[in-house]
> 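What follows is a structure written as structure tokens; I'll ask about it next.
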2 protein chains.
Amino acid sequence: MNKQEGNLEEVNVAPFSYAISLIDGKWKMHILFWIWKKEILRYSELKRALGNVTHKMLSTQLKELEADNLLIRREYPQVPPKVEYSLSPKGFTLMPVLEMLCTWGKENSVDLDE
Amino acid sequence: MNKQEGNLEEVNVAPFSYAISLIDGKWKMHILFWIWKKEILRYSELKRALGNVTHKMLSTQLKELEADNLLIRREYPQVPPKVEYSLSPKGFTLMPVLEMLCTWGKENSVDLDE
DNA sequence: CTGTATCCAGAATGATACTG
DNA sequence: CAGTATCATTCTGGATACAG
């Protein structure tokens, strides 16, 4: 409670930082967005949807999202292989945040110079 | 409406991408978070609050946030200089999203392995 | 105090080839 | 089809010096 704290209550950034750490990869929110919209996407469909993401980046980001339990990866044991990605329950609970961000973007990209 | 679109309606990512582009800097959300919590912060207070951000990074990110009209920079013409940062109206409208993300973080950082 | 400019190390990213 | 590995390149971020 030193001077620099002033009259302000303690601010707990940890949960906020945790949340950010899960989604701040360059493509993570985009990946989540598309899987949310399409429900289930194969690797190649996802790559096409994202457009200019590279093979390596998509693989890396998908692995991290899966490790963070935001995505579910389902692999079909067949040749050629088929892999589908969908939202995990945890990932699903994050979607309202993305939706809100999307709504905010809609409302604020129309009047960019306000 | 070609085959690869399937039965899915068109998805408009532009506003979403716009929103992401404004906040995906490494420190931007943290900066916004602190200014939101403290209402007004001087440069040096912000630097202390963020902890391990470097001088250069903070300057850069602040300039971008100001250019994107999310922050207001108020400079007092005195020596030594004094600069205060606060949320712009536009920045303020983004706070519900940050709050939601923060809430999500709280709920999901307690049961990491669920 | 609040910045900007420069230089540099390390991380992020991309192109490509290879594997199951 | 869905990935992994390797290497080259680009970009981010940090240390430091300097300026108003």
Side-chain angles (χ1 to χ4, degrees), chain A residues 2-4 6 17 20-32 34-35 38-68 70-88, chain B residues 3-6 17 20-32 34-35 38-68 70-88:
Chain A
N2 43 21
K3 190 178 59 188
Q4 72 203 41
S17 297
I20 291 177
S21 72
L22 298 192
I23 61 170
D24 74 348
K26 184 176 182 181
W27 294 98
K28 289 188 179 176
M29 291 210 274
H30 288 278
I31 292 171
L32 292 170
W34 279 102
I35 296 181
K38 305 274 188 174
E39 299 189 31
I40 296 178
L41 277 179
R42 297 183 61 171
Y43 179 90
S44 51
E45 295 172 326
L46 195 47
K47 187 166 190 313
R48 200 182 312 119
L50 292 170
N52 48 351
V53 68
T54 60
H55 195 35
K56 178 184 176 182
M57 282 313 302
L58 183 52
S59 299
T60 306
Q61 305 272 292
L62 279 172
K63 261 207 310 194
E64 290 179 15
L65 287 167
E66 189 194 356
D68 288 332
L70 258 32
L71 288 186
I72 291 176
R73 177 183 182 278
R74 179 166 184 187
E75 182 173 0
Y76 295 84
Q78 61 185 44
V79 177
K82 172 178 172 179
V83 179
E84 289 179 343
Y85 292 90
S86 56
L87 290 175
S88 71
Chain B
K3 190 178 60 188
Q4 73 204 39
E5 298 270 321
S17 297
I20 291 177
S21 72
L22 297 192
I23 60 170
D24 73 349
K26 184 177 181 183
W27 295 97
K28 289 188 179 178
M29 290 209 275
H30 288 277
I31 291 171
L32 292 170
W34 278 102
I35 295 182
K38 305 273 188 174
E39 300 190 29
I40 296 178
L41 278 179
R42 296 184 59 173
Y43 178 90
S44 51
E45 295 172 326
L46 195 47
K47 188 166 190 314
R48 201 182 311 120
L50 292 170
N52 49 350
V53 69
T54 61
H55 194 33
K56 177 185 175 181
M57 283 312 303
L58 184 52
S59 299
T60 307
Q61 305 272 289
L62 281 173
K63 261 207 312 193
E64 290 179 14
L65 287 168
E66 189 195 356
D68 289 332
L70 256 34
L71 288 186
I72 291 176
R73 178 182 182 276
R74 179 168 182 186
E75 182 173 359
Y76 294 84
Q78 62 185 43
V79 177
K82 173 178 172 180
V83 178
E84 290 180 344
Y85 292 92
S86 56
L87 290 175
S88 71

> Counting only side-chain N and O atoms of B/Tyr43, is one of them less than 4.0 Å from OP1 or OP2 of C/dT4?
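False: B/Tyr43 side-chain N/O out of range (4.0 Å or more) of C/dT4 OP1/OP2.
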
> Taking atom types as they are modelled, is there a donor-acceptor pair under 3.5 Å from the base of C/dG3 to the side chain of B/His55?
yes

> Does OP1 or OP2 of D/dG3 have a side-chain N or O of A/Arg73 closer than 4.0 Å?
yes

> Have a look at B/Tyr76 and say if it touches a base, only the backbone sugar-phosphate, or nothing, with a 4.0 Å heavy-atom cut-off.
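The answer is nothing, as B/Tyr76 stays clear of every strand by at least 4.0 Å.
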
> In this structure, how many angstroms lie between the P atom of C/dT2 and the CG atom of B/Leu62, rounded?
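So the two atoms are 11 Å apart, to the nearest Å.
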
> For the side chain of A/Lys56, counting heavy atoms from C-beta on, which of D/dA2, C/dC1, C/dT13 is nearest?
C/dT13

> How is A/Ser44 classified with respect to the nucleic acid when contacts are heavy atoms under 4.0 Å: base, sugar-phosphate, or nothing?
sugar-phosphate

> Does A/Arg74 have more than 12 heavy atoms from other residues, nucleotides or ligands lying within 6.0 Å of its CZ?
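No, the 6.0 Å shell around CZ holds no more than 12 heavy atoms from other groups.
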
> Name the closest nucleotide to the B/Pro80 side chain, picking from D/dC1, C/dT2, C/dC1.
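Looking only at heavy atoms from C-beta outward on B/Pro80, the closest nucleotide is C/dC1.
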
> Return the value, rounded to whole Å, for the distance between atom CD of B/Glu84 and atom C1' of C/dG3.
16 Å

> For B/Glu66, which residues count as a salt bridge (charged side-chain N to carboxylate O under 4.0 Å, His left out) partner, sequence neighbours excluded?
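With neighbours one apart ignored, the set is empty.
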
> Find which nucleotide of DNA chain D each of A/Thr60 and A/Pro81 is nearest to by heavy atoms, and output the residue with the more 5' nucleotide.
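Residue closer to the 5' terminus by nearest nucleotide: A/Pro81.
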
> Taking the side chain as every heavy atom from C-beta outward, state whether A/Thr54 and A/Trp27 have any atom pair closer than 4.5 Å.
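SC-SC contact between A/Thr54 and A/Trp27 ruled out.
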
> Any side-chain N or O of B/Arg42 below 4.0 angstrom from OP1/OP2 of C/dT2?
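Answer is yes, contact under 4.0 Å.
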
> Rounded to whole Å, please give me the gap between CD in A/Gln78 and C1' in C/dG20.
14 Å

> Check whether any side-chain heavy atom of B/Ile20 lies under 4.5 Å from a side-chain heavy atom of A/His30, and answer yes or no.
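In short, these two side chains touch, coming nearer than 4.5 Å.
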
> Taking the side chain of A/Thr54 as its heavy atoms from C-beta onward, which of C/dG14, D/dA2, C/dG3 lies nearest to it?
C/dG14

> Does the pair A/Lys28 and A/Glu64 meet the rule for a salt bridge (Lys or Arg N to Asp or Glu O under 4.0 Å), with working shown?
CA-CA 9 Å; A/Lys28 289 188 179 176; A/Glu64 290 179 15; 2.7 Å; yes

> Under 4.0 Å between a side-chain N/O of A/Lys63 and OP1 or OP2 of D/dG3, yes or no?
no

